[in-house]
Amino acid sequence: MFVVNDRVDLALTLDADAVHLGDEDLPVPEARRIVGDRMVIGYSPATLVDAIQGERLGADYLGVGPVYGTSTKSDAGEAVGTRRIAIVCRSVSIPVVGIGGINAANAGPVIDAGAAGVAVISSVVAADDIREATLALTRAVQSATSAE
Amino acid sequence: MITIPRLHLISDSRLCPLDQFAVVAMRAVDGGVDAVHVRERTVSSGQLLDVALDLRDRLQGRAKLFINDRVDVALLSGANGVELGEDSLPVSGVRTLIHARLLVGRSVHSIDGATRAEADGADFVIAGHVYETASKQRQPGRGLAFVEAIAGAVSIPVIAIGGITPSRAREVVNAGAYGVAVLSGILAADDARSAARNYAEAMGIGR
């Protein structure tokens, strides 16, 4: 799945599978007006109320974080922990993806808390062996998922 | 037949803070500006959409509204067109996306760029910079010959940009430009309306 951040026009031009919208990006219903049903829309809510609202406004999944401390994004705010994942997952019925400081060693608890998946930057991009790091993450997520 | 505007005002938050731009733009429209461009690359998409919606409501069709770079914001705000830079989405791709719903202007800096923009389906080009300008320091202007060359190379309207004063507006129109785009000449003026009127009169488009 190919996801473009923020730019709905770019996502359409590239025929992407999804567009991901942050809290200060175009509102979800506005983006939906342009992409219709042909594209998945992800949304990163700033609060629990935003998360519930995001689902009602038509987001297909939510990105929630930062789960753990992260150095990638200076404006990400304080770590919310897996507890926030659990709370959001109980409050919405669309899939939740955890993000922020996640690696193969700590991905399991994110899935255990109810997340459908994880999103990562540095634990893959900054790894010495990108393929190996990705495989380790995939194994961690899969084993946590099948343990449920 | 859609008329391409001739006197374009382009936003620049260094010269006029974004929260004051709409008021200044409306005064400029009173003076004869017939296109208002929102060119802000540093604000969030959500804020850009709010600014565009506010301008569209104020303009009420009295001048055409253009959004720089962001085709999605242009579509959602009901703007009349998009202005694409050299690092924006390609004109041909945008044309596929919007068909004929929006006007497409393309910034160009060479004859090659202008002929390519025309071939790709742009409705007009914004060519510059013609004169030395504070916004592009240390780069000499390309001069009137540049305007003549571009106007001779393409059949779509050429909007000249860069250091254009009212008297220079007359000059570039005589050199073949269809219109001009202005930033500081209006945004930094004490009175945006009379500044705009000076341009309109110099170009012979008084209302």
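Sequence lines set the chain letters: A, B, ... in the order given, protein chains first and strands last, and positions in each chain run from 1.
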Exercise for the section: Taking the six-membered ring for Trp and the full ring for Phe, Tyr or His, determine whether the centres of B:H8 and B:F124 are under 6.0 Å apart. Expected result: yes

Fill in the blank from the handout: Note: B:L7 and B:G32 closest approach over all heavy atoms is CD2-O, 3.8 Å

Fill in the blank from the handout: Applied to residues 2-28 of chain A, the ring pair (Phe, Tyr, Trp, His ring centres under 6.0 Å) test, sequence neighbours excluded, yields A:H20-A:Y61

Handout entry: Test item: B:I126 and B:R106 side chains (from C-beta on) under 4.5 Å apart, heavy atoms
Key = no

Completion exercise
Ranked by heavy-atom pairs below 4.5 Å to chain A, first place among B:G46, B:A74, B:P90 goes to B:G46

Problem - Close approach to chain B in residues 5-17 of chain A, criterion heavy atom under 4.5 Å - result: A:D6, A:R7, A:V8, A:D9, A:L10, A:L12, A:T13

Problem - Ion pair check, B:R39 and B:D69, cut-off under 4.0 Å - result: no

Problem - Min side-chain heavy-atom separation B:V33-B:I186 under 4.5 Å - result: yes

